[in-house]
J.: 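Supplied in structure tokens, the structure appears directly below.
Starting from 1, each residue takes its place in the sequence as its number.
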Amino acid sequence: MAAPSAPSDLAFDPWDQAFVADPYPAYAELRARGRVLYYEPSDQWLVPHHADVSALLRDRRLGRTYQHRFTHEDFGRTPPPPEHEPFHVLNDHGMLDLEPPDHTRIRRLVSKAFTPRTVERLKPYVHGLANELVAALVEAGGGDLLADVAEPLPVAVIAEMLGIPEADRSQLRPWSADICGMYELSPSEETARRAVRASVEFSDYLRELIAARRREPGEDLISGLIAAHDEGDRLTEQEMISTAVLLLNAGHEATVNATVNGWWALFRNPDQLAALRADHSLIPSAVEELMRYDTPLQLFERWVLDEVEIDGTTIPRGAEIAMLFGSANHDPEVFTAPERLDLTRRDNPHISFSAGIHYCIGAPLARIELAASMAALLERAPSLALAAEPERKPNFVIRGLKGLTVRVG
């Protein structure tokens, strides 16, 4: 069957800043046009409906990688340029881009650091740090909510878990930002150069940290991974490095962007902000609704390992599927009045944390961080207000703001 290509008049254009500013009307068009559409500019099959995205995330005929079964040539794909190798070595050994059995082995080891009991023990630390950061913001009369609260909170938490010394943490966010640039569609050569440089520097740093933890183990996750390796669980040094980078990147990128996207949404919906200020018991459902309303990760990719059929269209092996999380989270088949921000929404099966074997292992911790910063801001800065119109980052896949300037009092 011929591919049902995305029509040329469609507003979906991930490189257009008007689309990036508000992709949701274009998603509605996509959902109306069909369940799967081939998008030639990125050579991907777009899947915009919640039911299909949810099912495909659990479909083992798809994979985050194909290299456990095929060579690049077998799969009809061009190998990445040799100069990009440091990025791909780092990225390809993290569990997000692995499939079983390697994914299963590494996730089993890492999951020990994210048990409900362990995450619950972190609550006092997270709430204490959130209150400290917000207190400083209040004392200053305002500032950049991203740089002053949204960013330092999850970076500090995941760095604490990994055992990264406080003096070294200022390097983490720049490295992460440069590496994550490669997750956008068709990244530029300059983006690739920055990602390669950050991959080399971050890997070298972690290699030295792992050596130090071998000499003097601590109570941190890196020490735990070393101990697991020494006790017989197979984990290479590269897998340790890639796992640490993945946890740092995934452990704060979504939380940072969900925080600023969420407060920007609240400022644009003053009735909902007023309701939240009047009733702090809404915080848990507010966190879920804000994650749904302006999804921090808009698109998630999968390779087709064995052909699949969607609504009568066969997607061949070797193709790439782009699951549109932002569209799925606004699907009216699942969410009543999806374009309305409703902090009391109870039936909210959003997929912002993915699903299936790649479901976000840090989702419970992210929820604690989001709730902690929200509670601290509501309690300590009840008059928090927008001080300047924010500028959105030009990225489509990872959706966020360059900053969010606020004033207090």
Side-chain angles (χ1 to χ4, degrees), residues 57-58 60 63-65 67-68 88-123 125-126 153-165 169 172 175-176 179-180 183 199 202-203 205-214 217-256 297 300 352-370:
L57 286 170
R58 297 169 170 84
R60 301 306 304 135
R64 282 290 295 171
T65 182
Q67 295 185 67
H68 60 308
H88 289 287
V89 168
L90 181 64
N91 184 72
D92 294 353
H93 286 82
M95 63 183 174
L96 183 61
D97 281 81
L98 290 171
E99 293 297 311
D102 289 329
H103 172 273
T104 309
R105 171 174 53 83
I106 297 174
R107 188 177 179 107
R108 184 180 67 249
L109 293 171
V110 175
S111 65
K112 295 175 183 177
F114 289 92
T115 63
R117 181 180 299 176
T118 305
V119 172
E120 193 67 23
R121 280 204 301 264
L122 280 169
K123 260 188 176 181
Y125 174 76
V126 174
L153 176 62
V155 170
V157 171
I158 196 65
E160 190 77 10
M161 291 183 70
L162 288 168
I164 294 176
R169 293 176 187 177
L172 302 180
W175 280 335
S176 175
I179 290 168
C180 288
Y183 303 138
S199 298
F202 205 169
S203 296
Y205 170 79
L206 287 169
R207 199 167 281 111
E208 291 180 9
L209 184 62
I210 289 169
R213 290 293 178 272
R214 284 192 190 280
E219 298 298 318
D220 53 84
L221 179 55
I222 287 177
S223 297
L225 293 176
I226 293 169
H229 173 76
D230 293 343
E231 290 167 9
D233 282 306
R234 293 178 300 108
L235 196 67
T236 67
E237 183 175 77
Q238 183 59 58
E239 288 172 339
M240 289 185 206
I241 291 169
S242 296
T243 296
V245 171
L246 170 64
L247 290 174
L248 186 280
N249 292 350
H252 81 276
E253 280 289 346
T255 309
V256 170
L297 181 67
F300 204 55
S352 300
F353 289 118
S354 191
I357 68 167
H358 290 291
Y359 179 77
C360 178
I361 198 170
L365 180 58
R367 288 184 165 106
I368 288 173
E369 292 168 347
L370 290 166

J.: Taking only residues two or more places apart in sequence, or in another chain, which ones meet H88 in a ring pair (Phe, Tyr, Trp, His ring centres under 6.0 Å)?
T.: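 None.
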J.: Atom CG of L225 and atom CD1 of I106: how far apart are they, to the nearest 0.5 Å?
T.: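 One gets 9.5 Å once the value is rounded to the nearest 0.5 Å.
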J.: Sequence neighbours excluded, which residues qualify as ring pair (Phe, Tyr, Trp, His ring centres under 6.0 Å) partners of H358?
T.: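 Result, ring pair (Phe, Tyr, Trp, His ring centres under 6.0 Å) vs H358: H103.
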J.: Give the minimum heavy-atom separation between A244 and L162, together with the two atoms involved.
T.: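 That would be O-CD1, 3.8 Å.
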J.: R207: which residues meet the salt bridge (Lys or Arg N to Asp or Glu O under 4.0 Å) condition with it, sequence neighbours left out?
T.: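 So R207 forms a salt bridge (Lys or Arg N to Asp or Glu O under 4.0 Å) with D204, E237.
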J.: Any heavy-atom pair between the side chains of L297 and S354 that's under 4.5 Å?
T.: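 Not touching, per the 4.5 Å side-chain cut-off.
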J.: Below 30° counts as parallel, above 60° as perpendicular, anything between as tilted: where do the rings of F353 and Y359 land?
T.: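 Because their plane-to-plane angle is over 60°, the rings of F353 and Y359 count as perpendicular.
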J.: With sequence neighbours excluded, tell me which residues meet side chain to side chain donor-acceptor pair (under 3.5 Å) with S223.
T.: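 S223: side chain to side chain donor-acceptor pair (under 3.5 Å) contacts with D220.
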J.: In chain order, what residues pass the side chain to side chain contact (heavy atoms under 4.5 Å, CB included) check against R169, with sequence neighbours excluded?
T.: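 R169 satisfies side chain to side chain contact (heavy atoms under 4.5 Å, CB included) with Y125, A156, A159, E160, I164, E166, L172 once adjacent residues are dropped.
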J.: Answer yes when R117 and E120 have at least one side-chain N-carboxylate O distance shorter than 4.0 Å, and no when they do not.
T.: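 Looking at R117 and E120, the cut-off is not met.
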J.: If you round to the nearest 0.5 Å, how far is CD1 of I158 from NE2 of H252?
T.: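 One finds 10.0 Å between NE2 of H252 and CD1 of I158.
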J.: Atom CG of L235 and atom CG of D102: how far apart are they, to the nearest 0.5 Å?
T.: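 It comes to 10.0 Å.
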J.: Could you pull out all residues at least two apart from T118 that satisfy side chain to side chain donor-acceptor pair (under 3.5 Å)?
T.: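 Residues passing side chain to side chain donor-acceptor pair (under 3.5 Å) with T118: T115.
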J.: In chain order, what residues pass the side chain to side chain donor-acceptor pair (under 3.5 Å) check against Q238, with sequence neighbours excluded?
T.: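 Applying side chain to side chain donor-acceptor pair (under 3.5 Å) to Q238 gives S242.
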J.: Let me confirm one number: the CD1-OG distance from I210 to S203, rounded to the nearest 0.5 Å.
T.: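 Answer for the CD1-OG pair, I210 versus S203, is 9.0 Å.
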J.: Got a sec, which residues hit salt bridge (Lys or Arg N to Asp or Glu O under 4.0 Å) with R107, two or more places apart in sequence or on another chain?
T.: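 Testing R107 for salt bridge (Lys or Arg N to Asp or Glu O under 4.0 Å), a comparison that skips the adjacent residues, returns none.
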J.: How close do R64 and L96 get, counting heavy atoms only, and between which atoms?
T.: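 Taking R64 first and L96 second, the nearest heavy atoms are CG-O, 3.2 Å.
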J.: Are any of the side-chain heavy atoms of I357 and P100 separated by less than 4.5 Å?
T.: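 Yes, at least one pair of side-chain atoms sits under 4.5 Å.
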J.: Mind checking what makes side chain to side chain contact (heavy atoms under 4.5 Å, CB included) contact with P101, not counting sequence neighbours?
T.: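 Expected list: none.
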J.: Any side-chain heavy atom of L248 sitting closer than 4.5 Å to one from W175?
T.: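 When only atoms from C-beta onward are counted, W175 and L248 do not touch, as no gap falls below 4.5 Å.
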J.: Taking the side chain as every heavy atom from C-beta outward, state whether L206 and I222 have any pair of such atoms under 4.5 Å apart.
T.: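 Side-chain contact under 4.5 Å: yes.
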J.: Among all residues two or more places apart in sequence or in another chain, which pass the side chain to side chain donor-acceptor pair (under 3.5 Å) test with T243?
T.: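 For T243 there are no side chain to side chain donor-acceptor pair (under 3.5 Å) partners, ignoring immediate neighbours.
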J.: What's the spacing between F202 CZ and I179 CD1 if we round to 0.5 Å?
T.: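 Reported value, rounded in 0.5 Å steps: 6.0 Å.
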J.: State the CZ-OG1 distance between R367 and T255, to the nearest 0.5 angstrom.
T.: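 Those atoms lie 11.0 Å apart.
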J.: Before giving the answer on side-chain contact (heavy atoms from CB on, under 4.5 Å), spell out for M161 and L247 the whole-Å C-alpha distance, their side-chain angles and the decisive distance to 0.1 Å.
T.: CA-CA 10 Å; M161 291 183 70; L247 290 174; over 6 Å; no
J.: For C180, which residues count as a side chain to side chain contact (heavy atoms under 4.5 Å, CB included) partner, sequence neighbours excluded?
T.: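 In terms of side chain to side chain contact (heavy atoms under 4.5 Å, CB included), with neighbours along the sequence ignored, C180 is linked to S176, Y183, N249, E253, I398.
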J.: Of all residues at least two apart in sequence or in a different chain, which pass the side chain to side chain contact (heavy atoms under 4.5 Å, CB included) check with A211?
T.: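 So A211 forms a side chain to side chain contact (heavy atoms under 4.5 Å, CB included) with R215.
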